[in-house]
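Report on one structure; see the data block that follows.
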Number of protein chains: 2
Amino acid sequence: MPKVGMEPVRRRALMDATLKAVGDHGSLAVTMSEIARHAGVSPALAHHYFGSKEQLLLATIRNLLQQLRDDAVKAVQAVHTPREKLSAIIRVSFHADQFAPETIAAWLAFYAEAQRSEETRRLLVLYARRLRSNLVARLATLCPREDAVRIAEGAAAMIDGLYIRQGLRAAPISAAASIALTEDYLEAQLRVVGGTASGAAPHPPAGTFSPQAGRRTDTAPSPSAVPSPRLRGEG
Amino acid sequence: MPKVGMEPVRRRALMDATLKAVGDHGSLAVTMSEIARHAGVSPALAHHYFGSKEQLLLATIRNLLQQLRDDAVKAVQAVHTPREKLSAIIRVSFHADQFAPETIAAWLAFYAEAQRSEETRRLLVLYARRLRSNLVARLATLCPREDAVRIAEGAAAMIDGLYIRQGLRAAPISAAASIALTEDYLEAQLRVVGGTASGAAPHPPAGTFSPQAGRRTDTAPSPSAVPSPRLRGEG
DNA sequence: TATTTTTAATTGACTGGCCAATCAATAAAA
DNA sequence: TTTTATTGATTGGCCAGTCAATTAAAAATA
C-alpha cells in the first residue's frame, strides 16, 4: 500500500474526520479509533502523523479557522461599500454549513475546550480579534469610532447568541431570520448613533423605512463558501 | 460518623462540588473522585446518593437552573412597571455569580453536553423558554406582540452571546457594560417599533422579517428574501 | 434504664472496560 | 537497500461503578 506522498492526504482526511466525529458526537471526547475509522485508516496512523490526540484536535481547529477566515475575506471583498461589507460579514456567519447541527456542535465543543486548553483559547481569540477589527473598521466609517466599537461588540454577541441558541434546537430560527435580527440591531444602532451613515438625526420614525435600511446586500457570490462562525473576541 | 439526616446535606454539597469542579476544570470530564474530594466525602458516597455520574450532573444542572429561576422571579417581583421588569430580567442575567469565570465555564460545558444528552438539552430548552416568555410578556405591553416576540428573541440571543463570549476572556466586558449593551438594544428596538416604552405608538407595526420561532420560511422560497429587509413601511 | 436490634451513613478495596500511546513487524515504493 | 506507509498487538493508566464491611445513631425490647 505504501505509496509516497500520502502524508498530506492523510493529514487532511484525519482532520476532516475529526471535525465530523466531533460534530456527530457533540463532544471532544471522541476516540482516536473513531476518528481513524472515519478517515479509513488505523488509529496508529493518526498517532503517527499527529503525535497525540491533542495535537490532532488543535490542527483541526486551526484548519477550520483558516478555512473560515478565507471565506470571510472572500465575501467581504466581493462587495464594495462599508455597509455592504458589514452585511457580508453577518451573512457569512449564518451561512448554511455553519448552521448545520453538527457544525454547531463542533463549535460548541471547541468553545468549551477553550476553557481548558490555553492553545485552543488562543486560536479562538485570535480569530475573533481579526473578525472584530474587520467589523469595527467598517462601522467606523459610518459612525464615531467609540460607537463603532460598542456596536461591533453588540453585533458579535448577538451573532454568537443566535448561533449558540440554534444549538439547543428549541426554537429553530432560520438563518434568514437570524440575519434579519442582526441587521435590525445594526440598523437601529446606526440610526440612533448618527443617522444612517451620515448625519445626526436622532431617531427617525420607524415604520417609514429608511432608504438605506433595507439594502439588499445579497451580491454574495460563493455557493462554495464555508463561512465563518460567530465573530468573537476583542482586542 | 453516621448521623442521621445527612442526605440533603450531602446532596447539596455534592452538587455544589460538581459545579465548582466542572467550572474549574472547564469540562464535564471531571472524575467522581475529584467531585467527591471537593465535597469532602468518598467517591462511593456520591454514587450512593446519585446512582451515577450522569445523574449527579443532571441534578446539578437542575439545581442551577432552579436557582436562577428563583433569582429572576424575585428580581422581577421587586419592581412594578413592565419596563422595569425587563431591566430586572436583564440585570439578573449578568449578576455577579453568573459572571464568574467558573460559572461561565460550567455553562459552556452544559451547553456542549446538550448536544449529546437529550435530558440536558430538555432542561436548557425549558429554561430558555421560560426566559423568553417572560421577556415577551413584558414586551407585549409595550409594543405589538409580533414585535415583542422578535425583540425578545434578539435580547435573549444577545444575553447568551455576551455571556458566552465572556468565556473567552478576550475582551472582558464588565457586567455593567453587558447590561448597557442589552439595554441599548431594547431601547433602540422599542423606539423604532413604537415610541419609547410608554404608549404613544401611532405607527403601524414595522414589518420585520418575522423571525418567529419554529418557522423556517427561508432557504427554499425566495432567494431575494434573504437580505435584510427590516422595516419597510408596511401600513 | 440497660440491652439488643435495626437502620442510615460511610468507606476501602476491587473489577471490568476503555482508550491513548507505543512498537516491532510488514509491505511496497524508490 | 533504504525509505515511507501502515498496522496489529500490547501496555499502562484511569475511572465509573459495585460491594461487603464498619460505625454509630435510633428504635425496639426487656
- Quick one: label A:Val9 by what it contacts on the DNA or RNA (base, sugar-phosphate, nothing), any heavy atom closer than 4.0 Å. nothing
- Query: Mind checking whether A:Arg121 and A:Glu113 have side chains closer than 4.5 Å, heavy atoms only?
  - Reply: no
- Task: Whole angstrom is fine here: how far is it from NE2 in A:His47 over to C1' in C:dA21?
- Result: 5 Å
- Message: Can you confirm whether the side chains of A:Asn134 and A:Arg130 place a donor and an acceptor under 3.5 Å from each other?
- Response: no
- Message: What is the distance, to the nearest angstrom, from the CD1 atom on B:Ile35 to the C1' atom on D:dC14?
- Response: 15 Å
- Message: Without decimals, in angstroms, what is the distance between A:Arg11 CZ and D:dA5 P?
- Response: 11 Å
- Query: With a 4.0 Å cut-off on heavy atoms, is B:Tyr49 in touch with a base, just the backbone sugar-phosphate, or nothing at all?
  - Reply: sugar-phosphate
- Message: Output the rounded distance in Å from CG (A:Leu28) to P (C:dA20).
- Response: 12 Å
- Side chain of B:Thr31 (C-beta onward), nearest among C:dT10, D:dA16, D:dT7: D:dA16
- To the nearest Å, how far apart are A:Leu57 CG and C:dA20 P? 10 Å
- Query: Any side-chain heavy-atom pair from B:Thr120 and B:Tyr111 closer than 4.5 angstrom?
  - Reply: no
- Query: Can you check whether A:Ser178 reaches A:Phe99 side chain to side chain, under 4.5 Å on heavy atoms?
  - Reply: yes
- Item | Whole-Å gap separating C1' (D:dG17) and CG (B:Leu56) | 13 Å
- Message: In whole Å, I'd like the distance from the CD atom of B:Glu7 to the C1' atom of C:dT10.
- Response: 13 Å
- Message: With a 4.0 Å limit, can you tell me whether A:Arg10 has a side-chain N or O closer than that to the phosphate oxygens OP1/OP2 of D:dT6?
- Response: yes
- Item | Atom pair distance, as rounded to whole Å: CG in A:Leu45 and P in D:dT6 | 5 Å
- Query: Given C:dT10, D:dA26, C:dA30, which nucleotide is nearest the side-chain atoms of A:Val4?
  - Reply: C:dA30
